[in-house]
Protein chains: 2
Amino acid sequence: MRIGELAARAGTTTRTLRYYESRGLLPARRTGNGYRTYDEDDVRLLEQIRTLQDFGFDLEETRPFVECLRSGHPEGDSCPASLAVYRRKLTELDALISELNAVRAQVGAQLTRAEAALPGGPEPRCELTG
Amino acid sequence: MRIGELAARAGTTTRTLRYYESRGLLPARRTGNGYRTYDEDDVRLLEQIRTLQDFGFDLEETRPFVECLRSGHPEGDSCPASLAVYRRKLTELDALISELNAVRAQVGAQLTRAEAALPGGPEPRCELTG
DNA sequence: CCTGGCCTTGACGCCCACGTCAAGGATTAC
DNA sequence: GTAATCCTTGACGTGGGCGTCAAGGCCAGG
């Protein structure tokens with residue numbers, strides 16, 4: 001299939017596929033007239049990349065998965081290098097999540113404090129007025 | 001004080017202060033020779049901006065806080081517009097955090113599944129081998 | 001033959017909060 | 001006088017993953 005069809009099947013754009021190719025992630029064969037040609041394996045590679053991208057992985061982080069698939073493994077994460085990326089990502093996610101939770105707590109506390117100091121007077125959140 | 005001293009006191013750079021000025025957030029008076037001049041009020045404005053930036057607020061989102069301070073309020077969040085930003089931010093944070101938690105769960109599940117399928121054989125996480 | 005729809009490469013734009021460099025003016029210390 | 005250290009404006013660079021032209025080639029239908 002050609003680039004437009006692959007893009008449509010993956011729900012992305014031709015620009016994205018050319019970008020992946022420029023990064024060496026998704027090289028394409030060429031027909032006589034210079035058009036890019038892809039097969040079903042490429043669909044799987046692209047799906048793998050897109051899935052990880054949706055998870056927030058950097059493009060570079062998808063490379064081990066792609067190479068794993070290309071080397072014949074049934075799944076992109078059937079290789080140690082892919083698992084290493086998973087683990088690193090989990091660590092990053094945990095750090096980010098806890099940081100965001102801390103920020104959330106701070107902002108929430110600030111809001112509560114500021115609301116209590118408003119000219120409209122503190123508005124009680126529950127019925128502890130008695 | 002001049003721009004270098006203010007930057008140092010806020011733990012930031014002169015470039016940052018000029019950037020804030022270009023955005024209309026932190027305008028500066030000028031001395032005869034064209035140097036920017038700041039006072040203690042500007043220190044407070046800058047601290048407010050920096051605090052919110054550290055929380056991950058966009059520069060534009062700090063504007064209500066700055067204007068609140070500049071209009072004479074003791075705190076940047078003593079104004080309704082600031083509270084609205086707080087609330088919006090909390091909503092954003094909650095959405096982001098829950099999204100990240102979902103991703104974390106997915107990645108964790110993928111890791112567990114992939115580990116169990118490795119050629120090295122599934123490595124039990126706890127002692128349920130008996 | 002012509003139109004329309006696919007494809008090609010190349011290159012600039014975007015976002016955001018600055019970093020960094022360049023060329024030069026002002027002030028202070030010695 | 002001159003060196004060091006501040007300051008000024010202007011303008012380009014950064015990162016990531018593309019979007020969006022622009023100019024043109026290839027091919028099918030009518």
Side-chain angles (χ1 to χ4, degrees), chain A residues 1-39 42 45-66 85 88-89 92-93 96 99 103, chain B residues 1-39 42 45-66 85 88-89 92 96 99-100 103:
Chain A
M1 84 197 70
R2 292 181 304 185
I3 195 170
E5 187 181 343
L6 177 56
R9 284 183 57 175
T12 181
T13 68
T14 60
R15 177 72 183 88
T16 296
L17 300 192
R18 294 197 189 96
Y19 178 65
Y20 291 170
E21 181 175 3
S22 79
R23 307 275 86 193
L25 264 181
L26 194 62
R29 272 111 315 194
R30 299 297 181 117
T31 61
N33 57 17
Y35 286 12
R36 288 173 177 81
T37 295
Y38 303 91
D39 55 26
D42 291 319
L45 295 185
L46 182 51
E47 280 170 353
Q48 176 72 82
I49 296 171
R50 290 269 92 196
T51 299
L52 296 176
Q53 286 274 90
D54 289 346
F55 281 170
F57 285 54
D58 293 344
L59 254 194
E60 274 312 306
E61 293 178 321
T62 72
R63 197 178 294 275
F65 296 80
V66 173
V85 174
R88 194 155 44 77
K89 206 63 183 180
E92 284 177 29
L93 280 169
L96 181 55
E99 185 185 330
V103 169
Chain B
M1 82 197 73
R2 292 180 305 185
I3 194 171
E5 186 180 345
L6 177 57
R9 283 184 58 175
T12 182
T13 68
T14 60
R15 178 71 182 90
T16 295
L17 300 193
R18 293 197 189 95
Y19 178 65
Y20 291 170
E21 181 174 2
S22 78
R23 306 277 86 194
L25 264 179
L26 195 62
R29 274 111 312 195
R30 302 294 182 119
T31 61
N33 55 18
Y35 286 14
R36 289 173 178 81
T37 295
Y38 303 90
D39 55 27
D42 292 318
L45 295 184
L46 182 52
E47 280 170 353
Q48 176 72 81
I49 297 171
R50 291 268 92 199
T51 298
L52 296 175
Q53 285 274 88
D54 289 346
F55 280 170
F57 285 53
D58 294 343
L59 254 194
E60 274 311 307
E61 293 177 322
T62 72
R63 197 178 296 273
F65 295 80
V66 172
V85 174
R88 193 155 45 77
K89 206 64 183 179
E92 284 178 29
L96 180 55
E99 185 185 331
L100 288 177
V103 169

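Proteins come first, then strands; the chains are lettered A, B, ... in the order of their sequence lines, and each starts at number 1.
For DNA chain C, the neighbouring residues in residues 8-30 of chain B, judged by any heavy atom under 4.0 Å, are Thr13(B), Arg15(B), Thr16(B), Tyr19(B), Tyr20(B).
Summarising the geometry, atom CD belonging to Gln48(B) is positioned 9.0 Å from atom CZ belonging to Phe57(B); distances are rounded to the nearest 0.5 Å. For the atom pair CG (Leu46(A)) and CG (Leu6(A)), the distance works out to 5.0 Å, reported to the nearest 0.5 Å.
In this structure Asn33(B) satisfies the side chain to side chain contact (heavy atoms under 4.5 Å, CB included) test together with Thr31(B), Tyr35(B), sequence neighbours excluded. Scored by the side chain to side chain contact (heavy atoms under 4.5 Å, CB included) test, Arg88(A) finds Glu61(A), Val85(A), Glu92(A) as partners (sequence neighbours excluded). In this structure Thr13(B) satisfies the side chain to side chain contact (heavy atoms under 4.5 Å, CB included) test together with Arg15(B), Thr16(B), sequence neighbours excluded. For Ser22(A), the side chain to side chain contact (heavy atoms under 4.5 Å, CB included) test picks out Tyr19(A), with sequence neighbours left out.
At whole-Å resolution of the value, OH in Tyr38(B) and P in dT8(D) are 7 Å apart. The CZ-C1' distance, from Arg36(A) to dC26(D), rounds to 15 Å in whole Å.
Map Tyr35(A) and Phe57(A) each onto its nearest nucleotide of DNA chain D; the residue landing nearer the 5' end is Phe57(A).
Regarding contacts with the backbone of dC27(D), a side-chain N or O of Asn33(A) is found under 4.0 angstrom from either OP1 or OP2.
Note on Glu60(B) versus Arg63(B): salt bridge recorded, some NZ/NE/NH1/NH2 to OD/OE distance being below 4.0 Å.
In this structure a side-chain-to-backbone donor-acceptor pair under 3.5 Å is missing from Asp42(B) to Leu45(B).
Along DNA chain C, the stretch of nucleotides lying under 4.0 Å from any heavy atom of chain A spans, 5' to 3', dC6(C) to dA11(C).
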